[in-house]
**Student:** 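Dropping a structure here in C-alpha cells format, bear with me for questions.
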2 protein chains.
Amino acid sequence: MKSNTTEYLKQHRVKPSFQRIKIFDYLITKKNHPTADIIYKELVNEIPTLSKTTVYNTLKLFVEKEITQIINIEDNETRFDADISTHGHFKCLNCNTIYDFSFDDKNINIFDIEGFDKIQTHLYIKGICKTCKN
Amino acid sequence: MKSNTTEYLKQHRVKPSFQRIKIFDYLITKKNHPTADIIYKELVNEIPTLSKTTVYNTLKLFVEKEITQIINIEDNETRFDADISTHGHFKCLNCNTIYDFSFDDKNINIFDIEGFDKIQTHLYIKGICKTCKN
DNA sequence: AACAAATATGTAGTCATTACAATTTATAAT
DNA sequence: ATTATAAATTGTAATGACTACATATTTGTT
Ligand SMILES: [Mn+2]
Ligand SMILES: [Mn+2]
Ligand SMILES: [Zn+2]
Ligand SMILES: [Zn+2]
C-alpha cells in the first residue's frame with residue numbers, strides 16, 4: 001500500500017524516494033519547523049546511511065516544487081515548513097518554540113506598494129508565549 | 001557642530017565614534033537595507049582602515065541598543081535597517097530591490113495566539129514590483 | 001605626560017550551506 | 001535476467017557569513 005506522502009510527492013513532480021518520503025513525513029507530522037540539521041539528527045537514527053547533503057538537496061527540491069516553505073524568523077537558522085498554506089509564525093523568545101497562527105490576509109491594509117504583484121506573504125511575530133508567561 | 005547622528009547615538013547609549021557615526025549615517029540616508037558586507041565595501045572607500053569586524057560589531061551594538069532592526073526576508077543574507085518604526089518589506093524577485101511599505105498594525109486579525117505577548121512584528125512580502133511589471 | 005578604559009583592527013576559527021566527484025539505486029532496453 | 005543509462009544518494013572538500021580573540025589604536029582622566 002502506497003502512503004499518502006508517496007502520492008502527494010508524485011502529484012507535485014517529486015519522485016518519491018525512500019529518503020524524500022521520510023523527510024517529508026517528518027516535516028508534515030512533527031510540524032516543528034526544523035532546521036536541516038535537526039531533521040538529519042533525528043532521521044539518521046532510523047536511516048544510518050543518511051547523508052546531510054541529501055537532507056539539504058531534498059529540502060531545496062521541496063522548496064522548488066513548492067511543497068515546502070522556508071521560515072526566516074531568525075537570521076542564523078533556516079527553518080522549513082511543509083504546511084504551505086498562508087499562516088504566520090510566532091517565536092517565543094523564552095522557550096524558542098515556533099507557533100503557527102492564522103491571520104486574515106485580506107484584512108491587512110497595506111500602503112505604498114499598490115500595483116505590486118504579491119506572490120508570498122510572511123508574517124513573523126516574536127514575543128513571549130502564554131505558557132512562558134505563567 | 002555636532003551632527004544629528006551624534007546626538008541620536010548618545011541618546012541611545014551608544015558612544016558616537018567616527019566609525020559608528022559613518023555606519024549609522026549610511027543606514028539612515030541610503031535606506032537600502034544593506035548587508036554588513038555592502039556597508040563595508042562602500043565605506044572602506046571613505047575609511048580605508050575600516051575593518052569588517054567593526055561593521056559587524058557596530059551593527060550588533062545598534063541592534064542591542066534598539067536603533068537598528070534586522071531584516072530576514074531572505075535566508076542567505078542578514079540585512080539591516082535603521083528605520084525601527086513598524087513597517088513592512090517587499091522584495092522584488094526580479095530586481096531584488098527591497099521596498100518599505102506601511103501597514104495597519106491594528107487591522108490584522110490574528111487567531112490562535114491570544115494572550116501571547118507580541119514584542120516584534122515583521123511582515124515580508126515577495127513578488128514583482130511595479131517598475132519590473134512594465 | 002602617563003595611565004586606564006573603550007574602541008577598532010586583523011587573523012584565525014566556527015558553522016551552515018554548497019559544489020563536486022564517486023557510489024549506489026532505480027528505470028529501461030535487449 | 002543481464003546490460004545499459006539515468007537518477008538519486010553519499011562523502012569530502014570548499015565556500016562564505018559571522019564570531020572569538022589577541023593586539024593596536026584612540027579617547028578620556030588624573
Ligand atoms: Mn508553520
Ligand atoms: Mn525598511
Ligand atoms: Zn515560550
Ligand atoms: Zn523590481
Side-chain angles (χ1 to χ4, degrees), chain A residues 2-3 5-6 9-10 12-26 33-65 67-81 96, chain B residues 2-3 5-6 9-10 12-26 33-65 67-81 96:
Chain A
K2 298 275 176 80
S3 70
T5 299
T6 302
L9 294 180
K10 277 185 188 169
H12 292 83
R13 310 174 314 287
V14 174
K15 288 197 182 169
S17 74
F18 179 73
Q19 289 84 346
R20 287 169 181 175
I21 294 169
K22 285 291 185 184
I23 291 170
F24 194 83
D25 277 343
Y26 180 88
H33 312 97
T35 62
D37 194 60
I38 290 171
I39 297 171
Y40 172 75
K41 285 203 169 77
E42 287 247 2
L43 289 185
V44 78
N45 295 317
E46 275 186 75
I47 316 161
T49 59
L50 184 65
S51 164
K52 198 175 278 188
T53 302
T54 299
V55 178
Y56 279 106
N57 289 343
T58 302
L59 291 169
K60 175 179 268 189
L61 180 69
F62 287 173
V63 172
E64 276 168 18
K65 301 295 186 181
I67 57 173
T68 294
Q69 63 168 323
I70 293 174
I71 306 298
N72 281 324
I73 198 166
E74 212 65 67
D75 59 300
N76 51 348
E77 52 187 30
T78 303
R79 295 182 171 270
F80 298 88
D81 191 352
N96 291 324
Chain B
K2 298 276 175 80
S3 71
T5 300
T6 303
L9 293 180
K10 277 185 190 171
H12 293 83
R13 308 172 316 286
V14 173
K15 288 198 181 168
S17 74
F18 179 71
Q19 289 86 344
R20 288 171 181 174
I21 293 169
K22 284 291 184 185
I23 292 171
F24 195 82
D25 277 343
Y26 180 89
H33 311 97
T35 62
D37 195 59
I38 290 172
I39 298 171
Y40 172 76
K41 285 203 171 76
E42 288 246 0
L43 289 185
V44 78
N45 296 318
E46 277 187 75
I47 316 162
T49 59
L50 182 66
S51 164
K52 197 175 279 190
T53 303
T54 299
V55 177
Y56 279 107
N57 288 342
T58 302
L59 291 168
K60 175 178 268 189
L61 180 68
F62 287 173
V63 172
E64 278 168 18
K65 301 295 186 180
I67 58 173
T68 294
Q69 63 167 321
I70 293 174
I71 306 298
N72 282 324
I73 197 166
E74 213 64 68
D75 59 299
N76 50 351
E77 51 187 33
T78 303
R79 295 182 171 272
F80 297 89
D81 191 350
N96 292 324

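Within every chain, numbering begins at 1; the chains are lettered A, B, ... in the order of the sequence lines, protein sequences first and strands thereafter.
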**Student:** Minimum heavy-atom separation for B:P16 to B:I21, with atom names?
**Tutor:** O-CD1, 3.6 Å

**Student:** If I take atom CZ in residue A:R79 and atom P in nucleotide C:dA16, what distance separates them, rounded to the nearest angstrom?
**Tutor:** 11 Å

**Student:** In whole angstrom, give the distance that lies between atom CG of B:D75 and atom C1' of D:dC18.
**Tutor:** 16 Å

**Student:** Could you tell me the separation between the CG atom of B:D25 and the CG atom of B:L9, rounded to the nearest 0.5 Å?
**Tutor:** 8.0 Å

**Student:** So which of residues 50-59 of chain B are in contact with DNA chain D, with a heavy-atom cut-off of under 4.0 Å?
**Tutor:** B:T53, B:Y56

**Student:** Let me have the donor-acceptor pairs involving side chains of residues 53-65 of chain B, under 3.5 Å, with sequence neighbours excluded, atom names and distances please.
**Tutor:**
unit_1	atom_1	unit_2	atom_2	d
B:N57	ND2	B:T53	O	3.4
B:T58	OG1	B:T54	O	2.6

**Student:** Less than 4.5 Å apart, any side-chain heavy atom of A:T35 and any of A:Y40?
**Tutor:** no

**Student:** Could you tell me whether the phosphate oxygens of C:dA8, OP1 or OP2, come under 4.0 Å of any side-chain nitrogen or oxygen in B:S17?
**Tutor:** yes

**Student:** Could you give me the CA-CA distance, side-chain angles and deciding distance for B:I67 and B:V14, then say whether side chain to side chain contact (heavy atoms under 4.5 Å, CB included) is met?
**Tutor:** CA-CA 9 Å; B:I67 58 173; B:V14 173; 4.2 Å; yes

**Student:** Does C:dT9 have OP1 or OP2 under 4.0 Å away from a side-chain N or O of B:Q19?
**Tutor:** yes

**Student:** Output the rounded distance in Å from NZ (A:K22) to C1' (D:dA8).
**Tutor:** 18 Å

**Student:** When you look at A:I47 and A:T49, which way does the side chain to side chain contact (heavy atoms under 4.5 Å, CB included) test go after all the steps?
**Tutor:** CA-CA 6 Å; A:I47 316 161; A:T49 59; 3.9 Å; yes

**Student:** For the helix from C:dA1-D:dT30 to C:dT30-D:dA1, figure out the bend between the end axes, five pairs an end, and round to 10 degrees.
**Tutor:** 10°

**Student:** With the threshold set at under 4.0 Å for non-hydrogen atoms, list the residues of residues 33-43 of chain B touching DNA chain D in residue-number order.
**Tutor:** none

**Student:** Of all the heavy-atom pairs spanning B:E74 and A:N72, show the shortest one and how long it is.
**Tutor:** C-ND2, 3.5 Å

**Student:** Could you state the atom-to-atom distance from CD of A:E74 to C1' of C:dA16 in whole Å?
**Tutor:** 15 Å

**Student:** Is the backbone N or O of A:K15 less than 3.5 Å from a side-chain atom of A:R20, with the two atoms forming a donor-acceptor pair by type?
**Tutor:** yes

**Student:** Could you pull out the protein-nucleic contacts involving nucleotides 3-6 of chain C (nitrogen or oxygen on both sides, under 3.5 Å)?
**Tutor:**
none

**Student:** When you measure from the side chain of A:R79 to the backbone N and O of A:I71, does any donor-acceptor pair fall under 3.5 Å?
**Tutor:** no

**Student:** Does any part of the side chain of B:E42, heavy atoms only, come nearer than 4.5 Å to the side chain of B:Y26, both counted from C-beta?
**Tutor:** yes

**Student:** For B:E77, answer base if it contacts any base atom (sugar-phosphate contacts may also be present), sugar-phosphate if it contacts only those atoms, and nothing otherwise; contact means non-hydrogen atoms under 4.0 Å.
**Tutor:** nothing

**Student:** C:dA8 C1' sits how many Å from B:F62 CZ, rounded?
**Tutor:** 14 Å

**Student:** To the nearest 0.5 Å, how far apart are OG1 in B:T78 and CG in B:D37?
**Tutor:** 12.0 Å

**Student:** Send over the distance from A:K60 NZ to D:dT9 P, rounded to a whole Å.
**Tutor:** 15 Å

**Student:** I'd like to compare against my own output: the B/S/- annotation of nucleotides 24-30 of chain D with a strict under-4.0 Å heavy-atom distance to protein.
**Tutor:** -------

